[in-house]
Amino acid sequence: MQFQAEAKCIDDPEQLAAIYLSKYFGNQRIEYPINPFQMLKDEGVLFSLMDFKKLEGVYIPASGDDDIPIVGINANRPITRQRFTAAHELCHHFRDADKEISCPISGKKNAIESYAERFAAALLMPINELRNQVRRRQKNGRRYITYDDVLEIADYFGVSFEACLFRIAYRVHAIDGNTESTALRKRAAKYQPEKERKKRHFSYAKLYVGLIDCYREQLSFEPSDFARNLFQTNYIYNDSRMEGLDVTIEQAAEIVTDLRLNMQNSEYCTEENEVYMSIAGHHDMYQDIFAVPVKDSLSVYDMFPLNKKLFSHYPYPDYGGSTRQNNTLVIGAKFETVDYNDIFTELSKIDAEIRDFYNRRTEMPMSEYIKHVARIHHWITVVHPFPEGNGRTSRAFMNVQLVRAGMVPIYIKVEDKREYIKALERADKEKDYEELYEIVFKLILRSYIDLNKSI
Ligand SMILES: [Zn+2]
């Protein structure tokens, strides 16, 4: 309360951010990127990711002494913008806590809004540290830095390229050329910062860690009919399309139902209906994953019944659930799989790690557990234990690992496929998992929004 009274009297957002930072960190060294989600939490503000269309965020003050203030953040915006919005809403909490405020994405900003925007920039990119970062890159006494430099600095502070560029242009005056705002925005777009980031393999994983670890309670999950339906339509449809099966659930519904009811006696249980047999199997797999009560144990060998389910509607259902018996190269695989003689040795190593993480899951940050799930997923794709259906089985098994730990399961849309395969390849070739982590974090947040939409 005292700080809020003080904040109202400070006309300069730069000054307010500086005072808050020194109050928040005290004598401790500031660690970058600063985590504004943690700051909201520490100030007793509950934040929530929302499916907004036209708003960046909202601030809803506490209605009385036994209530707490709530902040909504647009879940559809990039993580850098979500962080910026968290910092922006923190400003409203300090200065405007007597009223509800909606913060629009675009349009002319009023005085309250532009104050909060400037506060957010100053909070996430403290001016002294920004000057340090710029100075380090002013080579040979040159005043101006390059866009590549700005990209690195934006990554260091966990902000968007544009936000960083503007602050450096106006506060440090280290950007050459026309820095009038429209021109600068155009120049930023032309540089294509996201493409440049990808080229350099910069990852937002660490920014998602900051969000997810402050959002653990909200990301908890228990199977419900709604979740089951969502996954049995969206997920299976997407995962089948990932495998190149071009069919919609609506088209398949009748045939799949017949297969599920009549099993091998169904008239569709023939080779030319493989697409439908696979979808029916997939359906059963998810029935299992979302079964209640959720089991409180986990093993890599839980993958075997999943793989068996996947093929349970095929003419020879015993085909599923057994391991690969040769080293025939997998068509389309971008990396080598282990020798089939080593499958069980590898699986036992994986199993030890899975059990260890599962037993310690409540003691570690949520992001740690999720990273482990991503690494195991990559490992299983390399072991490639089954003759067929490895992709679908290992993706389903990721969800077993998440659901058994009480966490939101994920589904990969066919549009995400390229990025997902590239991330797996990167993990494989460079032992660099950051891109894979980023993808899995993003997917968890997306499922969370989808799962909470209609409730
Ligand atoms: Zn606002």
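One-based numbering, in listed order, for ligands and for the atoms of each.
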- Message: Quick check on the Zn ion (ligand 1): does Cys103 put an N/O/S atom closer than 2.8 Å to it?
- Response: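 Short answer: yes, at least one N, O or S atom is under the cut-off.
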- How is the N/O/S atom of Glu113 that comes nearest to the Zn ion (ligand 1) named?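 It is OE2 of Glu113.
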- Where is the tightest heavy-atom contact between Met303 and Pro385, given as atom of each residue plus distance?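 Residues Met303 and Pro385, closest heavy atoms: CE-CG, 3.9 Å.
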- Item | Nearest non-hydrogen partners of Asn35 and Gly210, listed with the distance |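 That would be ND2-O, 3.1 Å.
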- Message: Test of geometry: compute the angle NE2(His92)-the Zn ion (ligand 1)-NE2(His88) and round it to 10°.
- Response: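 Output for this angle: 100°, rounded to tens.
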- Taking the six-membered ring of Tyr358 (Phe, Tyr or Trp), confirm whether the NZ or CZ of Arg361 is under 6.0 Å from its centre and within 45° of its axis.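 Yes - Arg361 lies over the ring of Tyr358, closer than 6.0 Å to its centre and within 45° of its axis.
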- With Lys23 as the cation and Phe3 as the aromatic partner, state whether NZ or CZ is under 6.0 Å from the six-membered ring centre and within 45° of the axis.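 Lys23 over Phe3 ring: yes.
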